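Quick caveat: nothing in here was measured; it's all calculated off a predicted structure.
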Amino acid sequence: LNIIDLNCRGATAVTRLCLPYMVDGGTILEVSSTSAFVPNTNLIVYSASKAYVSSFCLGLREELRRRKINVCAMRPGLMLTEMNRHNGKVELTRGQKRLPVIDPKTAALQSLKAAKKGRAVYTTGAFYKCYRLLAKLVPHTLLVKFAGLG
């Protein structure tokens, strides 16, 4: 429930709070995840909450089109954040150890640049871009069998 509160309620509440103060032609960059592409069997609530953020961005982008406010969903891959730290040290699952790690600062800068160019979605890194394409082409009922990070 904390993940839902942070990712769904938090993104919605902060965006709602800021919208009246945004100038026309501005940019909103929301943090989603590559976990939004296909449910990750070991992080299903996280995956579902990030799918919410991606859907929220797409709908909000359309609603704000007349104000020329671009909304972009940042979809980084695995980043070493507090989510991966336990007792002060980074702990990755066996599945996560197989994935390329994305630098948060680089991801933020690249995503902001893409958002400023009017992109609706930005996925970091070649590996994760390929995964995004795969998630569009392969049925999710099949892909979810391989999306576990345990």
Side-chain angles (χ1 to χ4, degrees), residues 1-86 88 90-93 95-96 99-140 143-144 147-149:
L1 294 175
N2 289 338
I3 289 172
I4 293 167
D5 282 344
L6 175 66
N7 293 335
C8 302
R9 292 172 55 103
T12 305
V14 169
T15 302
R16 182 174 183 229
L17 200 68
C18 294
L19 269 177
Y21 304 100
M22 290 199 65
V23 297
D24 291 357
T27 301
I28 297 173
L29 181 63
E30 299 276 1
V31 181
S32 183
S33 171
T34 55
S35 291
F37 302 155
V38 176
N40 182 313
T41 55
N42 293 297
L43 294 169
I44 56 174
V45 173
Y46 176 80
S47 295
S49 71
K50 290 304 188 173
Y52 168 87
V53 172
S54 291
S55 183
F56 175 67
C57 287
L58 190 59
L60 187 62
R61 176 183 168 89
E62 188 60 33
E63 285 185 10
L64 297 176
R65 184 180 301 276
R66 63 179 170 75
R67 289 185 56 192
K68 295 183 175 38
I69 295 175
N70 184 47
V71 181
C72 180
M74 172 184 173
R75 292 179 176 174
L78 176 64
M79 295 191 295
L80 301 182
T81 65
E82 291 305 311
M83 190 171 143
N84 310 100
R85 294 187 206 294
H86 303 285
V90 173
E91 291 182 18
L92 298 177
T93 65
Q96 288 173 321
L99 298 173
V101 175
I102 302 296
D103 175 58
K105 184 177 179 180
T106 302
L109 291 172
Q110 289 174 345
S111 298
L112 188 56
K113 194 175 182 180
K116 292 282 188 184
K117 289 182 179 177
R119 299 271 305 267
V121 175
Y122 184 75
T123 303
T124 54
F127 175 87
Y128 295 106
K129 288 176 188 201
C130 289
Y131 180 53
R132 180 178 170 202
L133 178 62
L134 189 65
K136 288 181 178 186
L137 300 174
V138 176
H140 288 182
L143 203 51
V144 73
L149 291 179

Hey, is [atom1] on [X] packed in by over 12 heavy atoms from elsewhere, all under 6.0 Å?
X      : atom1 : value
Asn2   : CG    : no
Leu1   : CG    : no
Arg9   : CZ    : no
Leu134 : CG    : yes

Heavy-atom closest pair, residues [X] and [Y]:
X      : Y      : value
Ala107 : Met79  : CB-SD, 4.0 Å
Lys50  : Val31  : NZ-O, 2.9 Å
Ala135 : Leu143 : CA-CD2, 3.6 Å
Glu30  : Ala11  : OE1-CB, 3.6 Å
Thr27  : Ala115 : CG2-CB, 3.6 Å

Check whether any side-chain heavy atom of [X] lies under 4.5 Å from a side-chain heavy atom of [Y], and answer yes or no.
X      : Y     : value
Asn40  : Tyr46 : no
Leu19  : Leu64 : yes
Phe127 : Thr34 : no
Phe56  : Thr15 : yes
Ile28  : Met22 : yes
Val138 : Val38 : no

Rounded to the nearest 0.5 Å, what's the gap from [atom1] on [X] to [atom2] on [Y]? Could you check?
X     : Y      : atom1 : atom2 : value
Arg16 : Leu60  : CZ    : CG    : 12.5 Å
Ile3  : Leu6   : CD1   : CG    : 8.5 Å
Glu63 : Leu58  : CD    : CG    : 11.0 Å
Met74 : Arg119 : CE    : CZ    : 13.0 Å
Arg75 : Thr124 : CZ    : OG1   : 11.5 Å

Whether the side chain of [X] engages the backbone of [Y] through a donor-acceptor N/O pair (distance < 3.5 Å, no angle test) should be reported.
X      : Y      : result
Lys129 : Tyr122 : no
Tyr128 : Leu78  : yes
Ser111 : Ala108 : no
Thr12  : Cys8   : yes
Asn70  : Lys116 : no

Give me the one residue out of Thr123, Asn7, Val53 that meets side-chain contact (heavy atoms from CB on, under 4.5 Å) with Ser32. Val53
